Asks: 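Before anything else, here's the structure in question.
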Amino acid sequence: MTGSLTSVSAHACALRSYLGAARISIDAIRGGTEAEIHLAHFAQTSFAFVTVPRVSITWHRTPDSRGRAAILVARHGEFRVASDVPAVVHGTSAALITPGDSPVRIETLSDEVELIYVSIAAGLLSSELGALAERVERGALPFRQIAPIYGFVRTLTEPASAGSEDPRAELATPAEAMATSLARILGDGVTGDEGVLSRLHAFLDIQYGDADLTLGSVATRLGSSSRTVQAALTRAGSTFTEELRRRRVWRVESLRRSRPELRAEDLRIAAGFRSTSAMYRALRNYAESTSGPGDVSAEARSDRYIAETEEKPHIAAMLVSGI
C-alpha cells in the first residue's frame, strides 16, 4: 500500500484509508518527499515498513487500544514521541509505547525518515512492560541490536508478486516471535517501578522537611498505594525510611557547612526530624556507614558535632522563614 503526502487528497487515498482505519490522523506535513508504507497483518501482530517526510501524526487510541502496544524503530532519520504517555523511549530512533487509551502524537524530525512500525498484542509483553505507568528515557539503541529484526520486517512487508500466492500466511508464528523479541530488546531493564520511584524521589527531594511524612501519606499523594511504593523500593534495595533519612541527613550536613552558627534544634526543624534524638541517631548511622571497619573516629566526630551544636544560639525561626 503506497501513497504520496505531497498532495494528500489526490495521491494518498490508499494511505489515508489505512490511517483512517487505524485512527491515525495527519496533523501537519512539512516537506515534499513521497511517503510509502508496506503492511503485513496477523492476529497478534501487525508490521509496517514506512518512509515519510517531516510529518506530525496523532494516534487516536480508543479503549480497545488497551490491548495493543506500538513499537517504532528508525534506521534513517529521527522521530520523537511528543505525547507524555507510558513508553520506553530510546533517544530519537526507537520507542515502545505501552497499551493505553490516551492519544499519542509522533513527529518526524528529518526530511526523510525510514522506519518500521510493529503493533503487538498486550499479552505478548512482559508483565513489567505491561505495568509501566510512566515514560522511561533510555539512551539511543545501537542499530546492530535490532538489525536482523529490522531486516525481517522489511522483507515481510514487501508486496507479494502479482498472481502468486502470498507466502506470508505461514509466517504468523515467526512474526510473533520477532515482535516479542523486539519488545524485549527495547524494554530490557525496565522493571515497571521506574515511574513509581522517579515520582517518589522527586517528591522527597522537595518535601523531606515535612516531619509528618509517612509511607502511607506519600503513597496517597503520589496516587499509588503503600504496598506498591514499598515493593518498588524493596526491589531497588531500599526502604522509605532510608530514602527519607538520607535526604534529611544531607540537609543537616549541608547546613553544617553553610551555616555553622546553627544549633541542633535549628537543624532538626530545617531537616524535618521529629526530635533531636532521631537526628542524632541518623547522624551517627550516617557517619558509621561512610567510615571503614574499625574507624572509631566516626562516632567521636558525631558526638563532638552534637555537643557543639547544642551550644549554638537558637535561630529556628530564621530557618523556617527561609533565611
Side-chain angles (χ1 to χ4, degrees), residues 1-27 29-60 64-65 67-79 93-97 104 106-108 110-121 124 141 143-183 185-186:
M1 183 180 297
T2 62
S4 168
L5 291 181
T6 54
S7 177
V8 173
S9 60
H11 301 289
C13 295
L15 179 58
R16 288 188 66 87
S17 175
Y18 164 74
L19 295 177
R23 297 187 61 80
I24 298 174
S25 64
I26 301 172
D27 303 323
I29 304 168
R30 297 174 296 278
T33 304
E34 287 194 348
E36 183 176 359
I37 179 170
H38 299 285
L39 303 167
H41 177 70
F42 304 95
Q44 297 290 306
T45 56
S46 295
F47 301 85
F49 174 75
V50 181
T51 56
V52 288
R54 290 181 181 267
V55 64
S56 175
I57 66 171
T58 299
W59 177 19
H60 302 277
D64 292 339
S65 300
R68 308 291 290 189
I71 302 172
L72 298 96
V73 177
R75 182 177 184 182
H76 301 299
E78 299 178 324
F79 71 89
S93 62
L96 187 158
I97 304 166
V104 179
I106 298 171
E107 299 175 351
T108 56
S110 307
D111 291 336
E112 182 173 324
V113 178
E114 176 193 298
L115 58 83
I116 59 170
Y117 163 83
V118 180
S119 173
I120 179 173
L124 298 179
L141 188 70
F143 183 74
R144 65 179 180 275
Q145 286 189 247
I146 49 84
I149 300 176
Y150 193 99
F152 174 85
V153 173
R154 182 165 186 174
T155 301
L156 179 70
T157 56
E158 288 181 352
S161 301
S164 64
E165 183 177 349
D166 191 343
R168 290 178 294 189
E170 306 298 325
L171 296 177
T173 299
E176 183 176 305
M178 286 291 183
T180 304
S181 295
L182 185 58
I185 292 171
L186 267 66

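This one's a predicted model, so the numbers in the text were calculated from it and none came from an experiment.
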Asks: Is there a side chain to side chain contact (heavy atoms under 4.5 Å, CB included) between Arg54 and Ile29? Walk through the geometry before answering.
Replies: CA-CA 6 Å; Arg54 290 181 181 267; Ile29 304 168; over 6 Å; no
Asks: Rounded to the nearest 0.5 Å, what separation is found between the OG atom of Ser119 and the CD atom of Gln44?
Replies: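 Answer rounded to 0.5 Å: 10.0 Å.
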Asks: Quick one: pull up OH in Tyr117 and CD1 in Ile24 and give me the separation to the nearest 0.5 Å.
Replies: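 Rounded to the nearest 0.5 Å, the OH-CD1 separation comes to 5.5 Å.
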Asks: Might you point out which heavy atoms bring Ala175 and Phe42 nearest each other, and give the distance in Å?
Replies: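 So the minimum-distance heavy-atom pair works out to CB-CE1, 3.8 Å.
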Asks: State which residues pass side-chain contact (heavy atoms from CB on, under 4.5 Å) with Ala179; sequence neighbours excluded, sorted by chain then number.
Replies: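 So Ala179 forms a side-chain contact (heavy atoms from CB on, under 4.5 Å) with Thr45, Phe47, Val118, Ile120.
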Asks: Would you please test Val50 and Val113 for side chain to side chain contact (heavy atoms under 4.5 Å, CB included) and show each step?
Replies: CA-CA 8 Å; Val50 181; Val113 178; over 6 Å; no
Asks: Which atom pair, heavy atoms only, marks the closest approach of Gly77 to Ser110?
Replies: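 Minimum heavy-atom separation between Gly77 and Ser110: CA-OG, 3.3 Å.
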Asks: Anything under 3.5 Å between a donor and an acceptor, one on a side chain of residues 147-160, the other on a protein residue two or more places apart or in another chain? List them.
Replies:
from, atom 1, to, atom 2, distance (Å)
Tyr150, OH, Glu114, OE2, 2.8
Thr155, OG1, Gly151, O, 3.0
Thr157, OG1, Val153, O, 2.9
Thr157, OG1, Arg154, O, 3.1

Asks: In chain order, what residues pass the side chain to side chain donor-acceptor pair (under 3.5 Å) check against Gln145, with sequence neighbours excluded?
Replies: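 If we apply the side chain to side chain donor-acceptor pair (under 3.5 Å) test to Gln145, skipping adjacent residues, there are no hits.
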Asks: For the atom pair CG (Leu182) and CG (Leu72), what is the distance rounded to the nearest 0.5 Å?
Replies: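 It is 10.0 Å, given to the nearest 0.5 Å.
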Asks: Please report the C-alpha distance between Ile146 and Ile116 in whole Å, then the side-chain angles of each, then the deciding distance to 0.1 Å, and finally whether the side chain to side chain contact (heavy atoms under 4.5 Å, CB included) criterion is met.
Replies: CA-CA 11 Å; Ile146 49 84; Ile116 59 170; over 6 Å; no
Asks: Could you measure the distance from the CD1 atom of Ile97 to the CG atom of Leu186? Nearest 0.5 Å is fine.
Replies: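 Rounded to the nearest 0.5 Å, the CD1-CG separation comes to 10.5 Å.
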Asks: Using the side chain to side chain donor-acceptor pair (under 3.5 Å) criterion, which residues pair with Thr58? Sequence neighbours excluded.
Replies: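 Per chain and number, Thr58 pairs via side chain to side chain donor-acceptor pair (under 3.5 Å) with Asp27.
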Asks: So which atom in Glu107 and which in Ser56 form the shortest heavy-atom distance, rounded to 0.1 Å?
Replies: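 Nearest pair, atom of Glu107 first, then Ser56: CG-OG, 3.8 Å.
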Asks: Taking only residues two or more places apart in sequence, or in another chain, which ones meet Ser46 in a side chain to side chain donor-acceptor pair (under 3.5 Å)?
Replies: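 Residues passing side chain to side chain donor-acceptor pair (under 3.5 Å) with Ser46: His41.
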